[in-house]
Protein chains: 2
Amino acid sequence: MSENASAERTGFREVKEDIVSRIKNRTWGPGELLPGEVELSRQFGCARATVNRAMRELAEEGVLERKRKAGTRVVQNPVRHARFEIPIVRHEVEASGAEYRYALVKREVLTPPDWLQARMGVNSADRVIHVQCMHYSGNSPYQFEDRWINIAAVPKVEQADFTSTSPNEWLVNEVPLSKAEISFSASSASDEVARFLELKSGEPVFVAERATWLEELPITYARMSFPESYRLVSSL
Amino acid sequence: MSENASAERTGFREVKEDIVSRIKNRTWGPGELLPGEVELSRQFGCARATVNRAMRELAEEGVLERKRKAGTRVVQNPVRHARFEIPIVRHEVEASGAEYRYALVKREVLTPPDWLQARMGVNSADRVIHVQCMHYSGNSPYQFEDRWINIAAVPKVEQADFTSTSPNEWLVNEVPLSKAEISFSASSASDEVARFLELKSGEPVFVAERATWLEELPITYARMSFPESYRLVSSL
DNA sequence: AACAGGAATATGTCTATACAAAAGGAATTG
DNA sequence: CAATTCCTTTTGTATAGACATATTCCTGTT
């Protein structure tokens with residue numbers, strides 16, 4: 001069933017699958033040491049580079065653990081990694097088949113509040129834009145967005161009025177490849193959030209917070225609140 | 001500042017960084033076509049395989065988009081990918097410095113309820129184990145776990161009593177490399193959940209649901225509820 | 001027994017070359 | 001004009017060989 005008798009050719013995908021299946025059927029148990037690349041490449045009848053890529057990717061995926069000289073082992077505690085896609089709100093809504101609507105609620109220029117200075121390292125002398133807006137899926141409230149943007153980092157933002165394009169979307173196109181921290185939590189709807197999401201105060205909301213930097217320069221902080229029906233999904 | 005004058009040697013990491021920085025400084029804007037691998041390998045003074053690995057990894061990370069014959073472009077709408085670590089509860093608590101405590105609440109053998117048959121494809125003739133348990137961080141409730149395990153898929157589970165080891169941990173060590181679906185949402189605490197998490201009914205809880213299969217065979221479904229203070233964090 | 005140093009070894013990466021496969025584009029044909 | 005076929009470009013992958021680098025393990029010394 002194994003022992004590749006030079007069928008077609010052995011690609012790194014096949015090697016990966018074979019290794020995975022051997023882990024599944026307990027040929028190699030948790031923590032166990034696998035044969036070296038040279039030995040495996042001999043078994044599979046392929047080049048070492050092929051086995052290397054297979055094992056390297058499996059390590060990247062959290063299945064194997066590799067150390068020079070020590071060899072490759074099956075990971076003990078599968079600290080699993082879940083990968084979520086974080087699309088632009090409009091795309092997320094449109095993908096569900098519903099019509100997307102957007103409304104600007106508030107736009108003001110302020111000096112950064114203390115918590116924002118502390119959270120992101122915004123300079124107290126700088127000014128920030130505070131934007132609140134709503135995203136709708138059809139006629140249902142989908143997301144309330146409360147966002148702060150560092151003007152010093154993105155001067156052009158003063159020209160953007162956000163009446164037709166959401167700050168989310170505007171920033172994504174304007175600031176490439178920024179570093180971000182995201183967190184998710186559950187929270188009670190404040191009066192303000194409840195009003196916009198058409199809930200009662202205190203009802204549960206799903207909250208996503210996102211802080212973004214470009215090369216250590218604070219760009220934006222956003223708090224996005226979803227009604228209880230929202231679900232963040234991932235398969236792995 | 002660029003044009004690698006054969007300093008040391010050009011590795012795929014350097015190529016990656018260089019490409020990323022050129023995207024950041026808008027040398028290559030969103031959607032723009034990059035030079036081909038051959039041309040870039042000439043510019044960088046390295047082999048095509050090196051450029052290939054750099055670009056391939058950047059594509060994997062969601063920065064570039066590659067298509068045969070069409071070439072490589074900077075991704076337009078950075079559908080960002082967030083990667084979360086999903087550790088074992090005990091490790092998560094212990095990593096925070098707190099003492100971990102665990103308590104089994106309920107363990108019963110049943111025929112699978114309809115929703116479980118529908119959700120996971122459990123055979124109605126099979127039996128399932130229903131387990132409820134609590135995880136504490138110090139003296140504070142950390143997570144309420146409500147889990148169903150397909151006995152047909154993991155016969156050994158009938159011998160496990162889960163009084164000292166949580167089903168989470170037991171399964172992770174017993175069933176390797178299973179496929180899973182995870183979802184997160186916010187919800188109101190039911191009377192039962194509120195009692196165990198020491199909350200009032202209706203207070204918001206953070207809910208993680210997880211369904212697991214091994215080669216299409218349904219293994220387990222778990223619903224894990226956290227108090228409002230819980231945060232799922234990722235940086236990218 | 002403790003420690004230092006060196007040899008051995010497994011992985012990490014780069015190179016050059018070759019062929020495969022996808023897909024855009026042009027030429028051909030109905 | 002539209003559909004089809006074929007050519008060509010670009011990425012995808014495999015290979016053999018080489019050297020780099022991190023670590024373990026062993027050995028000899030104190």
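Predicted model only: the values in this text are computed from it and were never measured. Every chain is numbered from 1, with letters handed out A, B, ... down the list of sequences.
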>> Counting the benzene-type ring for Trp, do B/Trp115 and B/Tyr221 have ring centres under 6.0 Å apart?
In response: yes
> Looking at B/Phe206 versus B/Tyr230, is the centre-to-centre ring distance below 6.0 Å?
Replying inline: yes
> When the distance from CD of A/Glu65 to P of D/dT24 is rounded to whole Å, what number comes out?
Replying inline: 13 Å
>> I want to check one thing: is the phosphate of C/dT11, taken as OP1 and OP2, less than 4.0 Å away from some side-chain N or O of A/Thr72?
In response: yes
> Starting at CG of A/Leu33 and ending at C1' of D/dC25, how long is that distance when rounded to a whole Å?
Replying inline: 15 Å
>> As a test of reading the structure: which of D/dT8, D/dA14, C/dT15 is closest to the side chain of B/Lys69, going by heavy atoms?
In response: D/dT8
> Centroid-to-centroid, A/Phe144 to A/Phe226, below 6.0 Å?
Replying inline: no
> Is any side-chain heavy atom of B/Arg80 closer than 4.5 Å to a side-chain heavy atom of A/Glu85?
Replying inline: no
> Rounding to a whole Å, what distance do you find between A/Glu39:CD and C/dA10:C1'?
Replying inline: 13 Å
>> Tell me the interatomic distance from B/Arg68, atom CZ, to D/dT10, atom P, rounded to whole angstroms.
In response: 14 Å
> Please give, in whole Å, the distance from C/dT15 C1' to B/Arg42 CZ?
Replying inline: 18 Å
> Side chain of A/Glu37: nearest nucleotide among D/dT15, C/dT11, D/dT13?
Replying inline: C/dT11
>> If you assign each of A/Gly71 and B/Ala70 to its closest nucleotide in DNA chain C, which residue comes earlier from the 5' end?
In response: A/Gly71
>> Side chain of B/Arg66, heavy atoms from C-beta onward: which of D/dT11, C/dT11, C/dT15 has the nearest atom to it?
In response: D/dT11
> A/Cys46 has a side chain; which of D/dT15, C/dT13, D/dA22 sits nearest to it?
Replying inline: D/dT15
>> Expressed as a whole number of angstroms, how long is the span from A/Phe44:CZ to D/dA14:C1'?
In response: 15 Å
>> Checking contacts here: which listed nucleotide (C/dA22, D/dC19, C/dC14) is nearest the side-chain heavy atoms of A/Arg48?
In response: D/dC19
>> If you take any heavy atom closer than 4.0 Å to DNA chain C, which residues from residues 50-62 of chain B end up in contact?
In response: B/Thr50, B/Arg53
>> If I take atom CG in residue A/Leu40 and atom P in nucleotide D/dA14, what distance separates them, rounded to the nearest angstrom?
In response: 15 Å
> Please give, in whole Å, the distance from C/dA10 P to A/Leu64 CG?
Replying inline: 17 Å
> How about B/Ser166 and B/Arg90: do any of their side-chain heavy atoms sit closer than 4.5 Å?
Replying inline: no
>> Is the shortest side-chain heavy-atom distance between B/Phe162 and B/Val157 below 4.5 Å?
In response: yes
>> Measuring only between side-chain heavy atoms, which start at C-beta, is B/Arg147 closer than 4.5 Å to B/Thr220?
In response: yes
>> Below the 4.0 Å mark, does C/dA22 have OP1 or OP2 next to a side-chain nitrogen or oxygen of B/Lys67?
In response: no
